[in-house]
Amino acid sequence: MKDIVAIYPGSFDPVTNGHLDLIHRGSKLFDKLIVAIARNLDKGEALFEMEERKEMLEAMTSELDNVSVDIFEGLLVVYCIRQNANAVLRGIRAVSDYEFELQMALMNRKMEPRVETVFMMPAEKYSYLSSRIVREIARLGGPLSGLVPELVEERVRKKIAQKHTYPTATHLL
Ligand code: PNS
C-alpha cells in the first residue's frame with residue numbers, strides 16, 4: 001500500500017488544544033502529516049504573524065516525528081499536489097461545521113480528484129473551541145486555560161497587551 005501523506009490546513013491564529021488533539025489523531029493515522037498555515041485569508045484582523053503561528057505549532061508538535069509545519073499560499077489542492085499529498089485532514093466539531101466543510105471538500109475534489117478529504121472529530125471537550133473564540137476571550141481579558149497550551153496562552157497575553165486595552169479579568173484566571 002502506498003504512503004498516505006495528509007495536509008492539515010487552517011489559519012491556526014492561534015493553534016488551540018482542539019487543533020493539537022486533531023494533529024495527534026492524524027499523526028497516528030497517516031504516514032506523514034503536514035500542518036499547513038494558509039496565508040492571506042480574508043478573515044479580518046489577525047492576531048499573530050504567519051511565522052509566529054508556525055513557531056508555536058512547531059514547538060507544540062516537536063515530539064511527533066511524522067508531523068511537519070509549513071506555510072502555503074494559493075489553492076490548497078495545488079499545494080497538496082506539490083507536496084505529493086493524497087489527503088486533506090479537516091476537523092468537524094458540530095453539525096454547524098458540516099455545511100461549509102462539505103462545500104470545501106466537494107469543491108476541492110472537483111478541482112483535484114486525486115486528493116481526498118478526511119474528516120475527524122476532536123475530543124468532545126473541544127467541540128465548542130475555536131481560534132476565533134480564543135481571540136475574542138483573550139481580547140476581552142477572559143481565561144484561556146484549557147483552551148490553548150500554556151506557551152500559546154503566554155504568547156496570546158503578550159500580544160493582546162501590545163494591541164488592546166481591556167483590563168485582564170484576573171479573578172477569572
Ligand atoms: O482554519 P480555517 O480558517 O477554517 O481554514 C480554512 C482553509 C485555510 C482550510 C481554507 O480557507 C483554504 O483551504 N484556503 C486555501 C485557499 C483555497 O484553496 N480555497 C478554496 C477552498 S474550496
Side-chain angles (χ1 to χ4, degrees), residues 4-27 29-30 32-61 64 67-139 144 147-149 151-153 155-156 159:
I4 305 288
V5 177
I7 307 287
Y8 179 33
S11 352
F12 305 104
D13 185 27
V15 57
T16 68
N17 285 341
H19 293 131
L20 292 172
D21 178 277
L22 219 72
I23 291 170
H24 278 90
R25 288 173 200 280
S27 80
L29 194 65
F30 303 114
K32 189 175 161 198
L33 181 66
I34 304 173
V35 182
I37 311 164
R39 197 187 283 282
N40 289 341
L41 289 177
D42 190 15
K43 288 190 93 179
E45 200 197 340
L47 190 57
F48 287 100
E49 301 297 330
M50 305 298 296
E51 284 301 330
E52 294 177 305
R53 297 181 212 178
K54 184 166 182 262
E55 235 175 74
M56 285 186 275
L57 271 161
E58 277 171 346
M60 302 324 306
T61 57
L64 300 171
V67 174
S68 59
V69 184
D70 194 15
I71 294 171
F72 78 102
E73 242 174 292
L75 281 179
L76 173 62
V77 285
V78 172
Y79 175 75
C80 288
I81 296 301
R82 261 195 231 127
Q83 297 295 321
N84 285 321
N86 25 34
V88 167
L89 170 64
R90 289 288 287 172
I92 291 212
R93 292 160 297 193
V95 179
S96 50
D97 283 338
Y98 179 72
E99 211 169 321
F100 174 63
E101 293 298 333
L102 177 73
Q103 185 186 24
M104 264 205 318
L106 294 179
M107 185 55 79
N108 282 335
R109 192 163 67 188
K110 180 175 158 48
M111 291 190 283
E112 184 43 83
R114 287 174 290 178
V115 177
E116 284 294 341
T117 299
V118 176
F119 293 116
M120 291 179 88
M121 279 69 70
E124 300 91 298
K125 62 182 172 184
Y126 301 130
S127 59
Y128 55 88
L129 180 52
S130 71
S131 297
R132 188 194 62 74
I133 233 158
V134 165
R135 291 195 301 273
E136 185 165 323
I137 292 174
R139 280 180 177 134
L144 294 181
L147 307 184
V148 295
L151 168 121
V152 176
E153 182 173 354
R155 301 276 302 256
V156 170
K159 185 65 88 174

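Start at 1 and go down the list; that is how both ligands and their atoms are numbered.
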Exercise. Counting from 1, what ligand 1 atoms have a heavy atom of Leu76 closer than 4.0 Å?
Worked result: 13 (O), 17 (C), 18 (O)
Problem set entry | Nearest-0.5 Å distance that lies between atom CD1 in Ile133 and atom CG in Leu144 | 11.5 Å
Seminar exercise, completed: If you compare Met111, Arg90, His19 by their heavy atoms, the one closest to atom 6 (C) of ligand 1 turns out to be Arg90
Seminar exercise, completed: For Leu22 and Met120 the tightest heavy-atom approach is CD1-O, 3.7 Å
Exercise. Does ligand 1 have a heavy atom under 4.0 Å from the side chain of Ala38, from its backbone, from both, or from neither?
Worked result: side chain
For this session: Identify, by atom number and element, the atoms of ligand 1 in contact range of Asn108, meaning under 4.0 Å from any of its heavy atoms.
Result: 21 (C), 22 (S)
Problem set entry | Distance, nearest 0.5 Å, that separates CG of Leu102 from CE of Met107 | 11.0 Å
For this session: Verify, without hydrogens or angle tests, whether Asp13 (side chain) and Leu47 (backbone) share a donor-acceptor contact under 3.5 angstrom.
Result: yes
For this session: Check whether any heavy atom of Gly74 sits under 4.0 Å from an atom of ligand 1.
Result: yes
Exercise. Of the choices Arg109, Arg132, Met104, which has the non-hydrogen atom that lies closest to atom 12 (C) of ligand 1?
Worked result: Met104
Exercise. Looking at side-chain heavy atoms only, is the closest gap between Val156 and Lys159 below 4.5 Å?
Worked result: no
